[in-house]
Amino acid sequence: MPELPEVETTIRGLAPFLQHATIKEVILKRKNLRFDFEKNFAKKLEGQEIINISRRAKYLLFSLSNNDTLISHLGMSGSFKIIKDFANHQAKKHEHVIFSLHHQEYKNLTLIYTDPRRFGFMDISSDISNNRFLAKLGVEPLSNHFNTAYLVEQFKGRNLPIKTALLDQTIIAGLGNIYVCEALWQARIHPKTPIKSLIDKNNKPDERLEILVPAIISILNQAIKAGGSSLKDFTNANGEQGYFQHSFDVYGRTNQPCNKENCSGIIKKITQSGRSSFYCDKCQNKPVDLEL
DNA sequence: ACTTTGACCTGTGCGC
DNA sequence: TGCGCACAGGTCAAAG
């Protein structure tokens, strides 16, 4: 479910409750999510103060007072919620991890991790730069390391459809299916376009790549902004985190008209490397020399 | 080394 | 209404 903006929104929502809270007890309702929890998972966390929480790609990072980091990925369906009155909390299905916290201002808080599909996972690392999940991630799209020169560097000598390349977390860390579809639509690039056709012989980026980079940045920033405004109730009774339902320009809009001004195209849906791609059959130029 | 495919799970919504 | 099937916003590991 969550892509970079949803994870960023989660971090911002949790931060006021978790920063400087102490983990009193961790209860695992099952032995695994996507992977088994490591031995002594709960013990390693109990007694630690959460110094800071931050995001890397789609991972949440909880920095602890002993310099360990609790790393959490939400998979497709994971979410966190904060409960202020756990005594009266009705346990729901798929609540897999319960963190009992003490917070100076809010006193007793409970952080609950819910994940129906259990594609999420958690890991504790003493050295995040060498962590198996984090070490090979590519650039943050909202950092200034992300630019067309970087993409050229990454793309040259390889051949993938642009859609696949943008989903590759070792190239750009944090993009997911929705925002990739949206960004390609904005830049008018067909999702099947081979990346080598976006770079010329002299390693000069095609002008569509020059459009794509700012498109990605602005889409992510808009989504974070929208998420922030839907975040008011992080601790409400249902505790549900309420991922904002944007209206997207292409994602999920099969057979509907293209939203680009003066475009009479229709949104099509295709499958690429097992995932759905949505694109406008008119304004997202069909790659030359490619059977579609 | 690069690219593709399969696997991991449950819930939901659609057609019949 | 019930059933079966396709599909869902992710990523790792194994196979090509």
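A, B, ... follow the sequence lines: proteins, then strands. Residue 1 opens every chain.
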Nearest-neighbour nucleotide for the Phe35(A) side chain, dG9(C), dA8(C), dC12(C) considered | dC12(C)
Which of these nucleotides, dA8(C), dC12(C), dG10(C), is closest to any side-chain atom of Lys269(A)?
-> dA8(C)
Provide, to the nearest angstrom, the distance between the NZ atom belonging to Lys136(A) and the C1' atom belonging to dT11(C).
-> 9 Å
Please state the P separation for the pair dT12(B) and dT11(C) - nearest whole angstrom.
-> 23 Å
Please measure how far the P atom in dG6(B) lies from the corresponding atom in dA6(C), and state the result in whole Å.
-> 15 Å
Between which nucleotides of DNA chain B, 5' to 3', does chain A make heavy-atom contacts below 4.0 Å?
-> dT3(B) to dG11(B)
Compute whether any side-chain donor of one residue and acceptor of the other, for Lys44(A) and Asn66(A), lie under 3.5 angstrom apart.
-> no
If you measure from the C1' atom in dG11(B) to the same atom in dC12(C), how many Å do you get, rounded?
-> 23 Å
Structure string for DNA chain B in dot-bracket form, Watson-Crick and G-U at under 3.5 Å, | interchain | .|||||||.|||||||
Worked check of ring pair (Phe, Tyr, Trp, His ring centres under 6.0 Å) between Tyr279(A) and His190(A) | CA-CA 7 Å; Tyr279(A) 68 97; His190(A) 191 289; 4.4 Å; yes
What integer number of Å spans the C1' atoms of dT10(B) and dA13(C)?
-> 22 Å
Verdict with supporting geometry, Phe41(A) and Leu45(A), side-chain contact (heavy atoms from CB on, under 4.5 Å) = CA-CA 7 Å; Phe41(A) 179 86; Leu45(A) 299 174; 3.6 Å; yes
Do Ser65(A) and Gln48(A) have a side chain donor and acceptor closer than 3.5 Å?
-> yes
Look at the rings of His96(A) and Tyr113(A) and say which category their plane angle falls in: under 30° parallel, 30 to 60° tilted, over 60° perpendicular.
-> tilted
For the ring pair Phe133(A) and Phe121(A), is the centre-to-centre distance below 6.0 Å?
-> yes
Sort out for me which residue in Leu4(A), Ile219(A), Ile216(A), Asp168(A) forms a side chain to side chain contact (heavy atoms under 4.5 Å, CB included) with Leu175(A).
-> Ile216(A)
Of Arg117(A) and Arg132(A), whose nearest nucleotide on DNA chain C comes first from the 5' end?
-> Arg117(A)
Using atom CG of Leu60(A) as one end and atom P of dG10(C) as the other, report the distance to the nearest whole Å.
-> 15 Å
Name the nucleic acid region contacted by Leu167(A), choosing base, sugar-phosphate or nothing; use a 4.0 angstrom heavy-atom cut-off, strictly under.
-> nothing
Among dG10(C), dC12(C), dA8(C), which is the nearest nucleotide to the side chain of His73(A)?
-> dG10(C)
Looking only at atom P, what distance separates dC7(C) and dT5(B), rounded to whole Å?
-> 16 Å
Just checking Phe121(A): base, sugar-phosphate only, or nothing, at a heavy-atom cut-off of under 4.0 Å?
-> nothing
Arg118(A) near the nucleic acid: base, sugar-phosphate alone, or nothing, with a heavy-atom cut-off under 4.0 Å?
-> sugar-phosphate
Scan Asp115(A) against the nucleic acid and name what it touches under 4.0 Å (heavy atoms): base, sugar-phosphate only, or nothing.
-> nothing
Kindly point out which of dG10(C), dA8(C), dC12(C) is positioned nearest to the side chain of Asn177(A)?
-> dG10(C)
For Tyr251(A) and dG9(C), is the shortest distance between a side-chain N/O and OP1 or OP2 below 4.0 Å?
-> yes
